[in-house]
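Here is the structure we will look at, set down as structure tokens.
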Amino acid sequence: MSRIEEILEKAIFTKDDLLYLLNSADKERLSLFEKAKEVKAAFVGKKVYFRGLIEYSNYCKKNCYYCGIRAGNSRYIRYRMTDVEVLEAVDYAYKNDYASIVIQSGEQTNKAFIARIESLLKRIHGQTNGKIHVTLSLGEQSEATYRRWFEAGAHRYLLRIEVSNPSLYLKLHPNNLSHDYNHRLEALRTLRKTGYQVGTGVMIGLPFQTLSDLADDLLFFREFDIDMAGMGPYIEHADTPLYQYRNELLPLKSRFDLSLKMVAILRIMMKNINIAATTAMQTIDPHGREKALMVGANVIMPNLTPVKYRQDYLLYENKPCLDEEAEECKSCLEARIHMAGDTIGYGEWGDSRHYLERPP
Ligand code: 5AD
Ligand code: SF4
Ligand code: FES
């Protein structure tokens with residue numbers, strides 16, 4: 001047996017195996033992708049679940065060095081969607097059988113914000129007879145807030161660790177308490193304890209990041225026993241401090257290829273979790289999301305944010321779907337998913353099987 005065959009047969013990958021897979025090229029790279037495709041079909045099926053994405057607000061109290069909507073960037077007009085706008089987006093999702101939405105925003109922890117999310121969750125639940133599942137992606141919050149939102153009807157939470165290496169984390173964020181690695185890790189633990197299906201993820205191809213870091217990220221996901229993952233290439237943004245390192249980055253194509261490999265390897269490692277085909281992948285390759293679906297991803301997030309806000313929610317440059325209304329993204333994604341040979345799980349929540357099958 002060749003080395004790649006031997007690795008792909010293993011029940012548990014070591015760090016060396018992960019490095020070998022991340023470095024794979026040509027035929028070996030294709031064997032990795034083929035294996036991931038088989039695992040996806042066998043363990044989660046060739047079905048893709050929609051999560052309608054509502055980019056609720058671009059106010060953010062943080063200053064992550066990579067992100068376009070960081071507090072320190074004054075280029076964007078700050079907005080907050082109205083309740084009516086949110087409920088209209090939810091209604092669109094409901095009528096189109098999306099079954100699931102994601103509410104995402106910059107990090108805000110003031111009382112008014114917390115209360116508005118709680119009230120929106122209750123109204124969403126009422127308006128859709130509990131048929132729409134809500135995922136939150138609202139950053140680090142206190143245990144009490146996470147509990148309040150859970151009790152108001154949210155069941156999944158996405159909080160990317162961004163990078164699992166604490167010293168790399170320090171290079172990508174200001175060195176202060178609101179950007180503390182351990183606090184973020186603790187927030188992930190609290191989410192798990194509260195009962196959420198927990199999703200995390202990383203950016204790929206960041207300045208100072210090595211393949212060894214990426215292998216450790218994969219080990220981190222396994223160790224933390226995550227239910228869902230969202231990963232994508234890092235894409236530079238001119239209004240951020242990390243832009244100064246743009247000439248030291250891997251070429252976009254390599255960042256994209258590494259992202260595909262991360263998705264494929266994670267699918268093989270954690271067979272029944274949900275993995276997103278992220279928008280950032282399409283920023284680099286026009287068929288990026290389909291390619292991710294073909295190597296193991298099973299979740300896609302059609303954008304439901306009103307078009308007038310989209311140009312102000314640019315975490316990175318060249319983000320796609322800036323002018324496309326919900327309806328256009330829907331037909332666009334339907335075509336893409338069919339091209340990838342999958343079907344869409346309309347009307348299904350598509351909960352993480354990993355979460356449902358976890359022993360009590
Ligand atoms: N490139 C790619 N992804 C980014 N994010 C933030 N900034 C960038 C960037 N420049 C990601 C982070 C965050 C998610 C919402 O968007 O991982 O968790
Ligand atoms: Fe705020 Fe999130 Fe951007 Fe950091 S990555 S600046 S927390 S929106
Ligand atoms: Fe929005 Fe293709 S997904 S236009």
Side-chain angles (χ1 to χ4, degrees), residues 50 52-53 55-73 76 78 102-109 135-141 157-164 169 172-174 178-180 183-184 187-188 199-207 209 217 229-243 245-246 249 252 255-256 259 276-284 286-290 300-305 307 310 312-337 339:
F50 272 178
L53 175 64
E55 292 155 333
Y56 172 68
S57 167
N58 65 356
Y59 281 95
C60 185
K61 65 175 202 184
K62 290 173 85 164
N63 259 312
C64 308
Y65 292 158
Y66 40 83
C67 177
I69 67 168
R70 58 203 302 276
N73 183 11
Y76 296 124
R78 299 288 162 169
V102 180
I103 302 180
Q104 190 179 75
S105 132
E107 197 169 299
Q108 299 163 59
T109 48
T135 304
L136 297 179
S137 176
L138 306 172
E140 291 164 52
Q141 304 284 343
Y157 206 103
L158 301 173
L159 182 70
R160 288 189 179 179
I161 190 71
E162 313 295 2
V163 293
S164 64
Y169 195 93
L172 305 172
H173 301 91
S178 55
H179 297 82
D180 181 62
H183 189 271
R184 200 161 184 86
L188 277 171
T200 191
V202 293
M203 283 174 285
I204 296 155
L206 286 155
Q209 191 183 42
D217 290 340
M231 304 180 281
Y234 161 70
I235 297 160
E236 57 272 36
H237 189 301
D239 300 322
T240 60
L242 283 193
Y243 197 64
Y245 302 105
R246 64 191 173 282
L249 299 169
L252 280 170
R255 280 180 252 165
F256 177 78
S259 304
T278 57
T279 312
M281 301 206 57
Q282 196 185 311
T283 303
I284 299 186
H287 297 293
R289 288 197 270 187
E290 296 94 294
I300 226 162
M301 293 157 69
N303 202 325
L304 297 181
T305 312
V307 167
R310 295 209 195 163
D312 289 317
Y313 200 85
L314 299 185
L315 284 67
Y316 46 84
E317 285 173 351
N318 302 318
K319 202 173 152 208
C321 310
L322 286 191
D323 302 314
E324 281 81 6
E325 296 289 352
E327 192 63 30
E328 289 167 83
C329 285
K330 178 175 182 256
S331 5
C332 168
L333 288 179
E334 278 174 343
R336 288 171 185 277
I337 290 166
M339 264 192 298

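Atoms within each ligand, like the ligands themselves, are counted from 1 in listed order. This one's a predicted model, so the numbers in the text were calculated from it and none came from an experiment. Here, residue 1 is the first one in the sequence, and each next residue gets the next number.
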### Task
Under the salt bridge (Lys or Arg N to Asp or Glu O under 4.0 Å) rule, what do Lys62 and Glu107 come out as? Steps first, then yes or no, please.
CA-CA 7 Å; Lys62 290 173 85 164; Glu107 197 169 299; 3.3 Å; yes
### Query
Which word best sums up how the rings of His179 and His173 line up, parallel for under 30°, tilted for 30 to 60°, or perpendicular for over 60°?
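If you compare the ring of His179 with that of His173, the planes turn out tilted.
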Any atoms of ligand 3 less than 4.0 Å from a non-hydrogen atom of [X]? List them with their elements.
X      : result
Leu333 : 3 (S)
Cys321 : 1 (Fe), 3 (S), 4 (S)
Arg289 : 3 (S)

Could you go through ligand 1 and note, for every N or O atom, any protein N or O atom closer than 3.5 angstrom, writing the atom names and distance to 0.1 Å, or 'none'?
residue  : atom   : partner : partner atom : Å
ligand 1 : 1 (N)  : Ile235  : N            : 3.0
ligand 1 : 1 (N)  : Ile235  : O            : 3.4
ligand 1 : 10 (N) : Tyr66   : O            : 3.0
ligand 1 : 10 (N) : Ile235  : O            : 2.8
ligand 1 : 17 (O) : Arg160  : NH1          : 2.8
ligand 1 : 17 (O) : Glu162  : OE1          : 2.5
ligand 1 : 18 (O) : Glu162  : OE1          : 3.4
ligand 1 : 18 (O) : Glu162  : OE2          : 2.6

Can you tell me if [X] uses its side chain to pair, donor with acceptor, with the backbone of [Y] under 3.5 Å?
X      : Y      : answer
Tyr66  : Pro207 : no
Asp312 : Tyr76  : no
Asn63  : Gly72  : yes
Gln141 : Ala187 : no

### Heavy-atom pair of closest approach, residues Leu159 and Thr200
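So the minimum-distance heavy-atom pair works out to O-OG1, 2.7 Å.
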### Message
Out of the candidates Thr278, Ile337, Leu333, only one should pair with Arg289 under the side chain to side chain contact (heavy atoms under 4.5 Å, CB included) rule; please name it.
### Response
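Filter result, single survivor: Leu333.
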### Message
Using a 6.0 Å distance limit plus a 45 degree cone around the ring axis, check whether Arg310 lies over the aromatic ring of Tyr313.
### Response
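No.
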### Query
Does Lys61 come within less than 4.0 Å of Glu140, counting only side-chain N to carboxylate O?
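So Lys61 does not pair with Glu140 through a salt bridge.
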### Under-4.0 Å heavy-atom contact between protein and atom 1 (Fe) of ligand 2
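Under 4.0 Å from atom 1 (Fe) of ligand 2, at least one protein heavy atom found.
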### Message
Test: side chain to side chain donor-acceptor pair (under 3.5 Å). Region: residues 314-324. Which pairs qualify, not counting sequence neighbours?
### Response
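Qualifying pairs, neighbours excluded: Glu55-Lys319.
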### Query
Near atom 4 (Fe) of ligand 2, which protein N/O/S atoms fall under 2.8 Å?
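Protein N/O/S atoms under 2.8 Å of atom 4 (Fe) of ligand 2: Cys64 SG.
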### Task
Return the residue, atom name and 0.1 Å-rounded distance of the protein heavy atom closest to atom 4 (S) of ligand 3.
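The answer is Glu324 CG, 3.5 Å.
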### Task
Specify the protein heavy atom at minimum distance from atom 2 (Fe) of ligand 3: its residue, its atom name, and the distance to 0.1 Å.
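Looking at atom 2 (Fe) of ligand 3, the protein heavy atom closest to it is Cys332 SG, 2.1 Å.
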### Task
Output all residues satisfying side-chain hydrogen bond (donor to acceptor under 3.5 Å, both in side chains) with Glu328, sequence neighbours left out; order by chain, then residue number.
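Per chain and number, Glu328 pairs via side-chain hydrogen bond (donor to acceptor under 3.5 Å, both in side chains) with no residue.
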